[in-house]
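Computed from a predicted model, the values in this text were never measured in an experiment.
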Amino acid sequence: VQLQASGGGLVQAGGSLRLSCAASGRAVGRRAMGWFRQAPGKEREFVAAIDWSGNDIYYTDSVKGRFTISRDNVRDTVLLQTNSLKPEDTAVYYCAADLEQWRSAQRMRDKASTQEAYWGQGTQVTVSS
């Protein structure tokens with residue numbers, strides 16, 4: 001499975017960005033997917049996850065009500081709509097896919113510090129105050 005994140009950029013506080021993760025490879029549509037981020041000097045952290053069906057979704061508390069994760073299994077794409085961005089959202093954002101198929105999105109919450117997932121290249125999000 002190969003993943004490529006895009007859509008990052010520089011935005012003022014209160015602005016929005018739509019991050020996209022293009023996935024290719026075996027059974028992408030059957031895997032839970034997640035977004036993670038890593039700020040300078042900090043560990044990578046979980047942001048949001050969605051299961052294969054799109055019906056099981058989790059967010060970290062700091063982005064609830066501002067970020068929305070969704071997926072298009074026809075185009076093998078996972079989106080992260082980020083609204084009301086804050087300077088503390090500044091980070092490199094990564095998408096990841098579960099190694100196993102047909103599993104819940106909850107599993108992705110524990111993947112931030114492990115290699116037990118397929119990882120893509122990140123996209124930089126910078127929010128200015």
Side-chain angles (χ1 to χ4, degrees):
V1 174
Q2 294 79 44
L3 305 169
Q4 180 62 55
S6 62
L10 173 63
V11 63
Q12 290 186 334
S16 300
L17 287 171
R18 189 175 77 164
L19 307 186
S20 179
C21 177
S24 62
R26 185 169 181 228
V28 168
R30 303 173 188 170
R31 303 180 190 277
M33 303 286 291
W35 283 96
F36 300 78
R37 65 187 180 187
Q38 187 168 19
K42 295 187 177 181
E43 294 184 349
R44 186 164 58 193
E45 65 173 355
F46 167 77
V47 176
I50 187 168
D51 78 336
W52 62 273
S53 72
N55 295 323
D56 184 32
I57 291 175
Y58 289 90
Y59 298 99
T60 192
D61 286 345
S62 63
V63 307
K64 285 180 180 177
R66 300 189 298 121
F67 291 11
T68 302
I69 189 171
S70 61
R71 68 187 296 159
D72 182 340
N73 285 343
V74 173
R75 295 179 175 83
D76 287 341
T77 301
V78 178
L79 301 176
L80 185 69
Q81 178 66 43
T82 66
N83 298 327
S84 302
L85 284 163
K86 304 175 181 180
E88 52 264 43
D89 294 318
T90 294
V92 178
Y93 283 70
Y94 300 89
C95 60
D98 198 346
L99 293 179
E100 299 184 23
Q101 302 174 30
W102 307 116
R103 304 300 292 272
S104 75
Q106 186 175 4
R107 284 166 48 87
M108 299 304 291
R109 298 190 302 183
D110 300 325
K111 301 288 188 183
S113 60
T114 77
Q115 294 300 314
E116 296 177 357
Y118 297 104
W119 290 96
Q121 299 287 341
T123 185
Q124 176 71 48
V125 171
T126 302
V127 185
S128 63
S129 58

With rounding to the nearest 0.5 angstrom, report the [atom1] to [atom2] distance, [X] to [Y].
X	Y	atom1	atom2	result
L99	Q115	CG	CD	10.0 Å
K86	S62	NZ	OG	7.5 Å
T123	L80	OG1	CG	11.0 Å

Taking distance alone, no hydrogens or angles, what donor-acceptor pairs closer than 3.5 Å link side-chain atoms of residues 12-26 to residues at least two apart or in another chain?
unit_1 : atom_1 : unit_2 : atom_2 : d
S16    : OG     : N83    : OD1    : 2.9
S24    : OG     : Q2     : OE1    : 3.3

Heavy-atom pair with the smallest gap, counting every atom of [X] and [Y]:
X	Y	answer
R66	S84	NH1-O, 2.9 Å
D56	S104	OD2-CB, 3.4 Å
A49	A105	CB-O, 3.6 Å
S128	L10	CB-CD1, 4.4 Å
K111	F36	CB-CZ, 3.9 Å
V127	D89	CG2-CB, 4.3 Å

Going by the rule side chain to side chain donor-acceptor pair (under 3.5 Å), which residues pair with [X] if we only count those two or more places apart in sequence or in a different chain?
X	result
N73	R71
E45	R37
Q124	T126
Q121	none

Is there a path of hydrophobic side-chain contacts, each under 4.5 Å between heavy atoms of I, L, V, M, F, W or Y residues, that connects [X] with [Y]?
X	Y	result
I57	V28	yes
M108	W35	no
V125	Y94	no
I50	L3	yes
V11	Y93	yes

- Message: Applying side-chain contact (heavy atoms from CB on, under 4.5 Å), can you list everything that pairs with S53, at least two apart in sequence or on another chain?
- Response: D51, N55

- Query: Which residue pairs pass the salt bridge (Lys or Arg N to Asp or Glu O under 4.0 Å) test with at least one member in residues 114-129, sequence neighbours excluded?
  - Reply: none

Using the test salt bridge (charged side-chain N to carboxylate O under 4.0 Å, His left out), find all partners of [X] that sit at least two apart in sequence or belong to another chain.
X	result
K42	none
D72	R75
R107	D98, E100
D76	none

- Query: Counting N and O atoms only, with roles assigned by atom type, does the side chain of R44 sit under 3.5 Å from a partner on the main chain of Q38, one being a donor and the other an acceptor?
  - Reply: no

- Looking at D61 and K64, does any basic side-chain N land under 4.0 Å from a carboxylate oxygen?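 Result for this pair is yes, salt bridge flagged.
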
- Pairs satisfying ring pair (Phe, Tyr, Trp, His ring centres under 6.0 Å), at least one member in residues 52-84, at least two apart: W52-W102

- Residue from I69, T77, V78 passing side-chain contact (heavy atoms from CB on, under 4.5 Å) with M33: V78

